[in-house]
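What follows is a set of notes on a single structure, which appears directly below.
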Amino acid sequence: MDREIPLVPDNTANFERIFELLRKEYPNAAPALHFKNPLELLVATILSAQCTDRQVNQVTQKLFREYRTIEDYASADLTEFGRDIYSTGFYHQKAKHIIASAHIMLTEFEGQVPYTMEGLLRLPGVGRKTANIVLSRAFGKIEGIAVDTHVKRLSRRLGFTQETNPEKIEQDLMAIAKRKELETLSMTLILHGRKVCVARKPMCEMCVVNELCPSSRV
DNA sequence: CTCCCGATAT
DNA sequence: ATATCAGGAG
């Protein structure tokens, strides 16, 4: 899985310069998911597992017209809801998780989306990555860094970490980045990972940090 | 570790 | 045909 990055030397010394260049390249790093409130963000983020944002937005455009409250999700029919989110993949698991999460929010969180890491992690279908996104984008709380497949790949290619476990990568990044940088780090890496430092054929010749990257093939 | 799983790029 | 997509649960 990660064999394409055999032995990248530690490059944390260049973190500041790399991040500065990437920030200049992606100044307005905003999430691509469409949402109007914490509940919509939570649902959209659960749906986004192993699925492109474009696909999620396509599904939620209709979904959010039909499902507006936590009660709507709690009372949803599993089969019908599964059909509504079918094209995001893992539809049966995601449907079960979202409906179960709605019940937990009604019974344990006073019908509100939890606004703490601990609370969010109690919801099925919500792990650290999803929780970090909801905390930062819906509640303005930066407790950690959302480590998805892009953040993982780029952090390893750039030599910021040698770990493969997302939680360990998050710890490494937290230790390297300054407090202020945590807000945009994840999103900046994701945008660069989608446009330039893609998984299969990274476009190193177009990369603004290729001279600082130990994995660059230019 | 395996499983969940459709859509898309290569 | 195969890898990958803003992962998480068992």
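Lettering follows sequence order; numbering is per chain, from 1. Only a predicted model underlies this, so the values are computations on that prediction, with no experimental measurement involved.
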Looking only at side-chain atoms of [X], point me to the closest of [options].
{"X": "A:Tyr86", "options": "B:dG6, C:dT2, C:dA6", "value": "B:dG6"}
{"X": "A:Gln93", "options": "C:dG7, B:dC5, C:dC5", "value": "B:dC5"}
{"X": "A:Arg153", "options": "C:dT2, C:dG7, C:dC5", "value": "C:dC5"}
{"X": "A:Ala199", "options": "C:dG7, C:dA6, C:dC5", "value": "C:dC5"}

Would you say the side-chain atoms of [X] and [Y] include a donor-acceptor pair closer than 3.5 Å?
{"X": "A:Asn132", "Y": "A:Glu170", "answer": "yes"}
{"X": "A:Thr161", "Y": "A:Asp172", "answer": "yes"}
{"X": "A:Asp84", "Y": "A:Tyr91", "answer": "no"}

Looking at [X], I'd like to know whether one of its side-chain N or O atoms comes within less than 4.0 Å of OP1 or OP2 on [N].
{"X": "A:His92", "N": "B:dC4", "answer": "no"}
{"X": "A:Tyr91", "N": "B:dC5", "answer": "no"}
{"X": "A:Thr149", "N": "C:dA6", "answer": "no"}

Margin query: I want to confirm an ordering. Mapping A:Lys201 and A:Gln50 to their closest nucleotides on DNA chain B, which one lands closer to the 5' end?
Written below: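 The 5'-side residue here is A:Gln50.
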
Item checked: Derivation of the side-chain contact (heavy atoms from CB on, under 4.5 Å) call for A:Leu154 and A:Phe160 -> CA-CA 8 Å; A:Leu154 268 68; A:Phe160 297 156; over 6 Å; no

Margin query: Any residue in residues 94-109 of chain A with a heavy atom nearer than 4.0 angstrom to DNA chain B? Just list them by number, or reply none.
Written below: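 Result for residues 94-109 of chain A: none.
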
Next item on the list: Mind listing the closest non-hydrogen atom pair of A:Ile104 and A:Arg122 along with its distance?
Entry: CD1-O, 3.9 Å

Next item on the list: Find which nucleotide of DNA chain C each of A:Arg194 and A:Val126 is nearest to by heavy atoms, and output the residue with the more 5' nucleotide.
Entry: A:Arg194

Have a look at [X] and say if it touches a base, only the backbone sugar-phosphate, or nothing, with a 4.0 Å heavy-atom cut-off.
{"X": "A:Thr45", "value": "nothing"}
{"X": "A:Ile133", "value": "base"}
{"X": "A:Ala32", "value": "base"}

Can you tell me how far [atom1] in [N] sits from the matching atom in [M], rounded to whole Å?
{"N": "B:dC4", "M": "C:dT4", "atom1": "C1'", "result": "15 Å"}
{"N": "B:dT2", "M": "C:dA6", "atom1": "C1'", "result": "22 Å"}
{"N": "B:dC5", "M": "C:dA1", "atom1": "P", "result": "24 Å"}

Checklist line | Residue-level proximity of residues 167-188 of chain A to DNA chain C when a heavy atom falls under 4.0 Å | finding: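 Close to the strand are A:Met187.
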
Checklist line | Contact residues, residues 115-125 of chain A to DNA chain C [heavy atom, < 4.0 Å] | finding: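 Result for residues 115-125 of chain A: A:Leu123, A:Pro124, A:Gly125, sorted by number.
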
Next item on the list: Could you point out which residue of A:Leu33, A:Val56, A:Asp53 forms a side chain to side chain contact (heavy atoms under 4.5 Å, CB included) with A:Leu47?
Entry: A:Val56

Check: To the nearest Å, how far apart are A:Leu42 CG and C:dG8 C1'?
Finding: 13 Å

Notebook entry, point to check: Just by modelled atom types, is the A:Ser215 backbone N or O under 3.5 Å from a matching donor or acceptor in the A:Arg157 side chain?
Noted result: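 Not confirmed, A:Arg157 side chain does not pair with A:Ser215 backbone.
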
